[in-house]
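Scroll down for the structure; my scribbles are underneath it.
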Amino acid sequence: MDAKKSPLERRFFIMKAKRTLTPSKIRAFQKKILSYHRDFGRDLPWHKTRNPYRILVSEIMLQQTQVDRVVLKYQKFLKLFPRVSVLAKASLAEVFRAWQGLGYNRRALYLKQAAEIIVKKYRGKIPEGEKALKELPGVGEYTARAIETFAFGKKAVFIETNIRSVFIHFFFPKMKRIPDSKLLPLIAGTLPPKNSRRWYLALMDYGVMLKQKGGNPSRHSLSYTKQSPFKGSRRELRGKIIKLLTERSRRETFILKMLGKDVRRVLFDLEREGFVVKSGGIYHLPY
């Protein structure tokens, strides 16, 4: 739902969806989703906490990354950085080292920067409001509302790939290129008055089940994009460079010898973006 809508517009938005759904349809839908969650809900570590810092870590890790890979890293990361203050004081090299295997190192940089802001501006406490959360690096509308819901128990309206799959499966089974603007009123209209945290976890679990059955309804969304191949991509080169530099500083000549001369532009971009530092022909991670 558009956060810029006025309270009156939001109320109309939800009422319109409810007229389409009818109370009996809403109850039937909620019962089906919650029953599945009760019997087959996933046992994931971030589902067992309401700690705002831990929720923030899990949400940043889960961006564009499979759950199985996050499970392997989440607990180890929190052992190294158990509190936001510890993460804020850590070197970027330490953070990148702990992040290895998750990909998209930009998220690790954002998480580290967010921790520094939280310590400096909010005295080590994760801010509750959506506006304040969205000011943190790496936190967009979805992540902010997910943190509000899972950490603070707020009743926020948001959408991600598994939730999208559920609503397309039930309400638009024969349509293609469905915009989120058609799904968000339904999400708002079916949101229970209490325990939105449990509801969203149930929706996500149901969406995972639909994908495991081979249908993946989210492919019919207007927002669906197929991820480009990792092998041979700039993302792969960036990851290889960061991995080399987490081990120790490297001469530019060594990096070019290991990864090829085509890597020069990638090195330049990483330096410009603050991921690496170059001094006297030697590259290293920021301290």
Side-chain angles (χ1 to χ4, degrees), residues 1-7 10 44-65 67 70-71 73-100 102-160 163 191 194-201 204 242 273-277 285-287:
M1 186 186 297
D2 189 348
K4 295 181 181 179
K5 288 183 182 292
S6 70
R10 285 197 295 269
L44 298 173
W46 48 90
H47 287 184
K48 302 174 184 177
T49 183
R50 292 177 184 266
N51 181 295
Y53 169 61
R54 290 175 174 246
I55 298 296
L56 171 65
V57 170
S58 69
E59 288 298 331
I60 298 294
M61 284 187 168
L62 286 164
Q63 291 172 0
Q64 298 176 289
T65 303
V67 168
V70 174
V71 169
K73 286 288 181 177
Y74 174 78
Q75 299 286 21
K76 292 179 181 178
F77 190 91
L78 288 173
K79 283 182 181 179
L80 291 171
F81 314 110
R83 295 177 301 281
V84 69
S85 58
V86 178
L87 179 59
K89 291 178 182 177
S91 71
L92 191 54
E94 291 174 306
V95 177
F96 279 150
R97 233 176 264 124
W99 197 267
Q100 285 296 312
L102 284 174
Y104 294 98
N105 287 298
R106 190 183 303 276
R107 294 176 301 154
L109 176 63
Y110 286 159
L111 188 56
K112 157 78 172 150
Q113 292 172 340
E116 293 171 353
I117 292 169
I118 291 163
V119 168
K120 185 177 180 180
K121 188 173 181 179
Y122 299 103
R123 298 182 180 180
K125 292 186 177 181
I126 313 295
E128 289 192 32
E130 181 182 341
K131 182 180 178 181
L133 285 166
K134 285 169 68 176
E135 291 174 354
L136 299 175
V139 177
E141 181 178 285
Y142 162 75
T143 302
R145 293 183 181 188
I147 293 169
E148 282 194 301
T149 297
F150 298 134
F152 300 115
K154 300 285 184 68
K155 189 178 177 182
V157 176
F158 60 83
I159 190 168
E160 53 82 68
I163 296 171
L191 187 60
K194 296 181 180 179
N195 207 342
S196 57
R197 171 190 164 92
R198 181 192 173 209
W199 173 243
Y200 278 117
L201 292 177
M204 291 175 181
I242 296 295
E273 295 166 19
F275 284 91
V276 304
V277 175
L285 297 177
Y287 297 113

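Here the OG-CD distance, from S58 to Q63, works out to 10.0 Å after rounding to the nearest 0.5 Å. Once rounded to the nearest 0.5 Å, the distance linking CE of M204 with NE2 of H47 reads 7.0 Å. Distance check, rounded to the nearest 0.5 Å: CZ of R107 to CD of E59 gives 11.5 Å. T143 contributes atom OG1, which lies 10.5 Å from atom CG of L136 (distance to the nearest 0.5 angstrom).
Y53 has its side chain out of reach of I118: every pair of non-hydrogen atoms, C-beta onward, lies at least 4.5 Å apart. The shortest distance between side-chain heavy atoms of T149 and W199 does not fall below 4.5 Å. Put simply, the side chain of V277 does not reach to within 4.5 Å of the side chain of L285, judged on heavy atoms. Residues L109 and Q113 form a side-chain contact, since some pair of their non-hydrogen atoms from C-beta on lies under 4.5 Å apart. By the 4.5 Å heavy-atom criterion applied to side chains, V84 and P52 are not counted as neighbours. Counting heavy atoms from C-beta on, the side chains of L92 and K112 come closer than 4.5 Å. Annotation: side chain of V276 is in contact with side chain of I242 (closest heavy-atom distance under 4.5 Å).
The minimum heavy-atom distance linking W99 with N105 is given by the pair CD1-OD1, 3.7 Å. Residues K73 and M61 come closest through the heavy atom pair O-CE, 4.1 Å. When all heavy atoms of A151 and I55 are compared, the pair lying nearest together is CB-CG1, 4.0 Å. Across all non-hydrogen atoms, the minimal contact from L133 to P127 is CD2-O, 3.2 Å. Here the shortest heavy-atom pairing between T49 and Y74 reads CG2-OH, 3.9 Å. Nearest heavy atom pair, residue L191 against residue S196, reads CD1-CB, 3.9 Å.
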Inset, instruction - Carefully, step by step, assess L111 and F77 under the rule side-chain contact (heavy atoms from CB on, under 4.5 Å). - result: CA-CA 12 Å; L111 188 56; F77 190 91; 3.9 Å; yes
Inset, instruction - Given side-chain contact (heavy atoms from CB on, under 4.5 Å), test K154 with I147 step by step and report yes or no. - result: CA-CA 9 Å; K154 300 285 184 68; I147 293 169; over 6 Å; no
Legend entry - Intermediate values then yes/no, side-chain contact (heavy atoms from CB on, under 4.5 Å), V57 and W46: CA-CA 9 Å; V57 170; W46 48 90; over 6 Å; no
Inset, instruction - Go through the steps to decide whether L44 and V67 satisfy the test side-chain contact (heavy atoms from CB on, under 4.5 Å), and finish with yes or no. - result: CA-CA 9 Å; L44 298 173; V67 168; 3.8 Å; yes
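Exactly one residue among R54, R145, R197 makes a side-chain contact (heavy atoms from CB on, under 4.5 Å) with F150. That residue is R197.
Salt bridge K131/E135: absent, no basic N to carboxylate O contact under 4.0 Å. Using a cut-off of 4.0 Å between Lys/Arg side-chain N and Asp/Glu carboxylate O, K134 and E130 are scored as salt-bridged.
With R198 contributing its side chain and K194 its backbone, the two residues share no donor-acceptor pair below 3.5 Å.
In this pair, Y200 and F158 present their aromatic rings parallel. The plane angle is below 30°, not in the 30 to 60° band.
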